[in-house]
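Heads up, the thing below is written out as structure tokens.
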Number of protein chains: 2
Amino acid sequence: MNNVQEESLRDQKKYRRRLQILEIARGIISAKGLRSLKVRDVAEAAGCSVGSVYNEFGDFDGVILTVNRETVQALTARLRGVPAEDPVRQLYGLADTYLDFFAGHANLLRSLFEHRMEDDRPYPDDILQMVMDAFALMHPPLVRLLPDADDVKIALLSRTLFSAVHGIISLGLEERMVAVPPQMLRQQIEQFVDTHLRGLGILPVGARLP
Amino acid sequence: MNNVQEESLRDQKKYRRRLQILEIARGIISAKGLRSLKVRDVAEAAGCSVGSVYNEFGDFDGVILTVNRETVQALTARLRGVPAEDPVRQLYGLADTYLDFFAGHANLLRSLFEHRMEDDRPYPDDILQMVMDAFALMHPPLVRLLPDADDVKIALLSRTLFSAVHGIISLGLEERMVAVPPQMLRQQIEQFVDTHLRGLGILPVGARLP
DNA sequence: GTTCTAAAATGAACAATGTTCAAGAAGAAT
DNA sequence: ATTCTTCTTGAACATTGTTCATTTTAGAAC
């Protein structure tokens, strides 16, 4: 038995169109926000009928969720690329990289965190799991820095710290909240992480990094 | 000239209905989420026509924004009620109170933070200002604890710290993010604030509050 | 009290948008 | 080439936000 699936012409077209629909949807969300995403716009831009979008994704939420899934995958890839030699620098790097990614794809991240399902249908588990996994990326460096601490507590600390960074960034980047000038955000994030590491006893209180 | 406006029967009815519409809308958002709010449901529950809703609020966003405005007002009132004798306890109290309020009105808070306007119309300034003012409530206790620090920096710190707490809570309360068991959230928040105050040199590193 | 007027309420009609499905088109199997 | 399966289509439908000509009603004028 041959496990290599032969790719039929039909499958090729289907797959190409799937990618095209996703690319168009992502472009619209990214440029004008989730609320501006309309089935007919996507279908027209992809050169197909609205029925085909439904045929491929089940319903419109399916398109959004697939875009969101790819967003968290791209985010995770970026976060995994942060150098891990120095655990302290890794923590700063994770926060900075998250800021970069959020600033560069604000509407995509908002779609990921703010989209609500119709009725009370549950949000897909795999996406939630991926977000949680991304927020757990502070775990390894924290374990190295706090070798005596309980692993469960470190896991909690990782998510807490990352959630805190997320809160600072997501509110700080709301252009509507004039509160935090974006150019100061990076410095602000670094100082926040800095203070927290001092509080954890990882950095000395009252001293500064070289 | 008499400044006391006589309240006409017309105005009374108008005002009563306005309150009724808001109460119904708030109830629906609170119970089933912003996405389940429909003009016709509100109108029917209020015993009036859809036109009356539009007559009173301009458009449907107007209803949502008014509910959001009242949400942030209620939140601010609760936060202002936190005792201010001990600045450290005040900071803990603000975080805890925010957690309480968020846990008790999760869907209302989500409506406040996640609602996006149609097209690119700006979010009303007064609501943004009120949110910022609420997040600035950590300013006075921080000033007392860090009397030598620059006032502008304290203002920034206040918003940063509150945004961090917001991030931890809003992600932690997502029932969908199984990550953080809600019952642990309070303890988690307290530990987070604790660690940060140590990092700021306000509390001694390595010691615990009585 | 009657009449007049301005404001508000109404709800049917419209517009925008998500969803479905019967019929047709296109690829695969023989 | 014929048949069969699957996908595609787009018109029709369903839901929901929005408008507006008409009707109703509260208040004013007499």
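Residue numbers start from 1 in every chain, and the chains themselves are labelled A, B, ... in the order their sequence lines are given, proteins ahead of strands.
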Original post:
So, is B/Asn55 close to the C/dA9 phosphate, meaning a side-chain N or O under 4.0 Å from OP1 or OP2?
Top reply: yes

Original post:
Which part of the nucleic acid does A/Phe60 contact within heavy-atom distance under 4.0 Å: base, sugar-phosphate only, or nothing?
Top reply: sugar-phosphate

Original post:
Which whole-number value in Å describes the distance from B/Asp61 CG to C/dA16 P?
Top reply: 17 Å

**OP:** Send over the distance from A/Lys38 NZ to C/dG18 P, rounded to a whole Å.
**Re:** 6 Å

Original post:
Are any of A/Lys13's side-chain N or O atoms less than 4.0 Å away from OP1 or OP2 of C/dG27?
Top reply: yes

**OP:** Measure the CD-CZ distance between A/Gln73 and A/Arg78 for me, rounded to the nearest 0.5 Å.
**Re:** 15.5 Å

Original post:
Between B/Asp41 and B/Lys32, does at least one N-O distance fall below 4.0 Å, as a salt bridge requires?
Top reply: no

**OP:** Find which nucleotide of DNA chain C each of B/Arg17 and B/Val50 is nearest to by heavy atoms, and output the residue with the more 5' nucleotide.
**Re:** B/Arg17

Original post:
A/Arg40 side chain: which of D/dA12, D/dC7, D/dG17 is closest?
Top reply: D/dA12

**OP:** Please indicate whether A/Arg80 has more than 12 foreign heavy atoms, meaning atoms of other residues, nucleotides or ligands, lying under 6.0 Å from its CZ.
**Re:** no

Subject >> Geometric class of the A/His105/A/Phe101 ring pair [parallel <30°, tilted 30-60°, perpendicular >60°] >> reply: tilted

Subject >> Per B/Ser49 side chain, nearest of listed nucleotides D/dT18, C/dG11, C/dG18 >> reply: C/dG11

Subject >> From D/dT9, D/dT18, C/dG18, nucleotide with atom closest to A/Cys48 side chain >> reply: D/dT9

**OP:** Please state how far atom CD1 in B/Ile28 lies from atom P in D/dG17, giving the value in whole angstrom units.
**Re:** 11 Å

Original post:
For the side chain of B/Asp59, counting heavy atoms from C-beta on, which of C/dA9, D/dT9, D/dT18 is nearest?
Top reply: D/dT18

Subject >> Between P of C/dA8 and OH of B/Tyr15, the distance in whole Å >> reply: 17 Å

**OP:** Round to a whole Å and report the spacing from CD of B/Glu44 to P of D/dT15.
**Re:** 14 Å

Subject >> Closest nucleotide among C/dA8, D/dT16, C/dT19 to the B/Lys14 side chain >> reply: C/dA8

Original post:
In terms of the angle between their ring planes, are A/Phe135 and A/Phe162 parallel, tilted or perpendicular, with boundaries placed at 30° and 60°?
Top reply: parallel

Original post:
A/Asp41 CG to C/dA16 P: how many Å, rounded?
Top reply: 12 Å

**OP:** Return the value, rounded to whole Å, for the distance between atom CG of A/Leu37 and atom P of C/dT19.
**Re:** 12 Å

Original post:
To the nearest Å, how far apart are A/Gln12 CD and D/dT6 P?
Top reply: 19 Å

**OP:** Could you check which of C/dA9, C/dT19, D/dG17 has an atom nearest any side-chain atom of B/Ser52?
**Re:** C/dA9

